[in-house]
Structures are given as C-alpha cells and as structure tokens.
Amino acid sequence: MAYRFGPFLYDPISHGLLREGAEIPLTHKGRELLLLFLHNPGRLLTLENITERVWPDVAVTDDAVRFQVAELRKAFGAEGKAFIRTIRREGYRWEAPLRGEARRPVRPASGGALVARPEQRRLLVLEFGELPLLEGENMIGRDPDSALWIDDSSVSRHHARILIAGNDVTLEDLRSKNGTFLNGRKVGQRSSLSDGDRIRIGEQEIVFRSMLRLGTTQTKQGT
C-alpha cells in the first residue's frame, strides 16, 4: 500500500517519495523514519520509540534523532513542520491526514471505444483514512509487510486476512492469539463480508465498505 498525504505520495515498495510526480531524495534512515510515522498516524512516538525502531542495533543520541526529523521536514518543504509535530520533552506525532492507495499496475488499452461499466470497490475505513483492498489476499497483522499493518502487541504477526475472489469477500482469522471479531462476534471460520461490517483486531476498529465505482472498458468495433 502507498500513502498519500498533502501533495506527496510514498510507496514503501519502491521506497520513493513523490511530490506531484517528481521524486524527492531521502536517506535510508529518512525513509525508515517516514515509514514509522506513516504506520503510526496520530500516535506519540517518543525518542526511545524512534531509536528502537530506526536504530535497533546502534546507540544514537537524542540530537541524532532530532537531526533526522529536521531533515525529513526539510524534504517536505513548507509543509514539513505541520506534518510532524514536536511534543515538547516527549517526542513527535504525525499530524497530516493519510489516505491509503493501492499500487496496481496499469494495463495499456487496446483499440476500441470506451464504454462505462460499474466496478466493485472494496476498502477498509480506519480512524486515519481508507485502505483500498486488492483482488486476492490482503494480510492484516503486526508484520510491516502486511496490507494493513497494526503496531500493537495484542495483534499477532499474521493475525487475519481478507480474501477477494470476484464477488466473494471473506474474512479469516489466522489462529491469532487474541482473535478477530466481526460485528462483535469472534470469527471461528472463514466468514463472508458485507458492506458496513465492523471488524475489530486488537484495539483497532475497522469498517468494511463495498461499493460500485463507475469505470471504463473497451469494446472491439466490428468492421
């Protein structure tokens, strides 16, 4: 999943930070720090939290963390100070609204006329924004590579998954320690999802949405 905030887009797969299509260079630690903030929007990150995640095997000073935050703000330009708020004597908090964006490959169109057709759009609505779901497996858990990463000790590394196969959308608990709940009931086996269903994993409340979106397709013109 890529993250969009203000005029920026960050893709953890390509490690690219884009502003209106133009790439902004970041250091390796700058990218790790940015991803830590994006995974924890609205949450206070203390200097200790940051050093444990960004410099796990290296002893660094508080000044080094402050310098890295300042460099990240510079990369954002004038918006930088508003994106990352300093909580005096405590740490930092990500303030910018986030929107998840699925990074789907674009298939080039062949010849033919464009005809509007409805497409099904599935997404998870969270406190900090929306996460589009892709066809196939959408993993949820404490693994940072999950489609929905939840940094919470009560959440298992591979906690649950949402499977999309055509018109069928199901939620499955992956033998998690604390369980997955659908509309207040613990999920015991694979369960179908419908628009408006509420999912709880750890302390995270999630709403599943399924809606039609007007798309386009092409029809071959006969001779």
Side-chain angles (χ1 to χ4, degrees), residues 1-20 22-103 124 126-131 138-160 176-178 201-204 206:
M1 181 186 74
Y3 298 86
R4 188 172 292 280
F5 50 97
F8 298 93
L9 178 73
Y10 183 71
D11 186 348
I13 303 300
S14 67
H15 304 294
L17 175 65
L18 303 178
R19 178 173 185 148
E20 297 174 348
E23 185 164 4
I24 298 172
L26 293 176
T27 64
H28 174 69
K29 289 302 179 185
R31 292 194 298 268
E32 289 189 355
L33 179 60
L34 173 58
L35 195 57
L36 179 61
F37 279 124
L38 296 179
H39 282 161
N40 295 275
R43 180 181 298 177
L44 171 66
L45 295 177
T46 65
L47 294 174
E48 184 179 358
N49 294 150
I50 294 173
T51 54
E52 285 178 354
R53 297 301 298 272
V54 180
W55 290 274
D57 303 314
V58 181
V60 297
T61 65
D62 291 352
D63 286 341
V65 177
R66 294 187 187 100
F67 173 79
Q68 195 64 66
V69 171
E71 290 297 298
L72 187 56
R73 282 172 169 158
K74 285 181 186 177
F76 296 140
E79 296 96 333
K81 193 168 284 189
F83 287 172
I84 304 172
R85 181 181 176 187
T86 299
I87 309 300
R88 193 176 178 187
R89 296 188 183 135
E90 294 189 65
Y92 302 93
R93 186 170 64 219
W94 182 268
E95 298 275 291
L98 288 178
R99 181 163 59 88
E101 185 170 296
R103 307 297 286 159
L124 299 178
L126 304 104
E127 182 180 357
F128 64 84
E130 298 177 347
L131 171 64
N138 297 267
M139 192 69 69
I140 303 172
R142 204 154 37 85
D143 187 336
D145 291 330
S146 300
L148 175 57
W149 183 72
I150 303 176
D151 187 18
D152 186 330
S153 59
S154 67
V155 175
S156 301
R157 187 172 179 82
H158 299 115
H159 195 105
S176 65
K177 181 178 179 180
N178 294 311
I201 294 177
E203 298 298 319
Q204 184 71 60
I206 307 163

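None of the values given here were measured: they were computed from a predicted structure.
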Side-chain donor/acceptor of Lys177 to backbone N/O of Ser156, under 3.5 Å = no

Point-to-point distance, once rounded to the nearest 0.5 Å, from CG of Leu72 to CZ of Arg31 | 12.0 Å

Hey, does Thr61 have a side-chain heavy atom less than 4.5 Å from the side chain of Arg66?
-> no

Spacing of CG belonging to Leu47 relative to CD belonging to Glu90, to within rounding of 0.5 Å | 10.5 Å

CG-CG distance between Leu26 and Leu33, expressed to the nearest 0.5 angstrom | 9.5 Å

How long is the span from the CD1 atom in Ile150 to the CD1 atom in Ile140, to the nearest 0.5 Å?
-> 6.5 Å

Nearest atoms (heavy-atom pairs only) where Pro7 meets Glu79 = CG-OE2, 3.9 Å

Above 12 or not: heavy atoms from other molecules or residues under 6.0 Å from CD of Glu203?
-> no

Counting distance only, does the side-chain N/O of Trp94 pair as donor-acceptor with the main-chain N or O of Gly42 below 3.5 Å?
-> no

Can you tell me how far the CG atom of Leu34 sits from the NE2 atom of His39, to the nearest 0.5 Å?
-> 9.5 Å

Does Arg73 use its side chain to pair, donor to acceptor, with the backbone of Ile84 at less than 3.5 Å?
-> yes

Heavy-atom count around Glu95 CD within 6.0 Å, excluding the residue itself: above 12?
-> yes

Tightest non-hydrogen contact, residues Val54 and Glu32, listed as O-OE1, 3.3 Å

Expected output: side-chain Asp152 to main-chain Gly202 donor-acceptor under 3.5 Å = no

Nearest heavy-atom pair of Ala147 and Leu131: which atoms, and what distance?
-> O-CD2, 3.5 Å

Under a 4.5 Å cut-off applied to non-hydrogen side-chain atoms, are Leu126 and Leu148 in contact?
-> yes

The reported gap from CG in Asn40 to CG in Leu35 (rounded to nearest 0.5 angstrom) is 9.5 Å

Closest non-hydrogen atom pair between Ala96 and Phe83, with its separation | CB-CD2, 3.4 Å

Look only at the side chain of Arg19 and the backbone of Ile24, and say whether a donor-acceptor pair between them is shorter than 3.5 Å.
-> no

Which pair of heavy atoms, one from Arg157 and one from Ser146, lies closest together, and at what distance?
-> O-OG, 4.2 Å

Flag the pair Phe5 / Phe76 as yes when their ring centroid distance falls below 6.0 Å, and as no otherwise.
-> yes

Verdict with supporting geometry, Met139 and His158, side-chain contact (heavy atoms from CB on, under 4.5 Å) | CA-CA 7 Å; Met139 192 69 69; His158 299 115; 4.2 Å; yes

Determine the minimum heavy-atom distance between Arg53 and Asp151, stating which atoms define it.
-> NH1-OD2, 3.1 Å

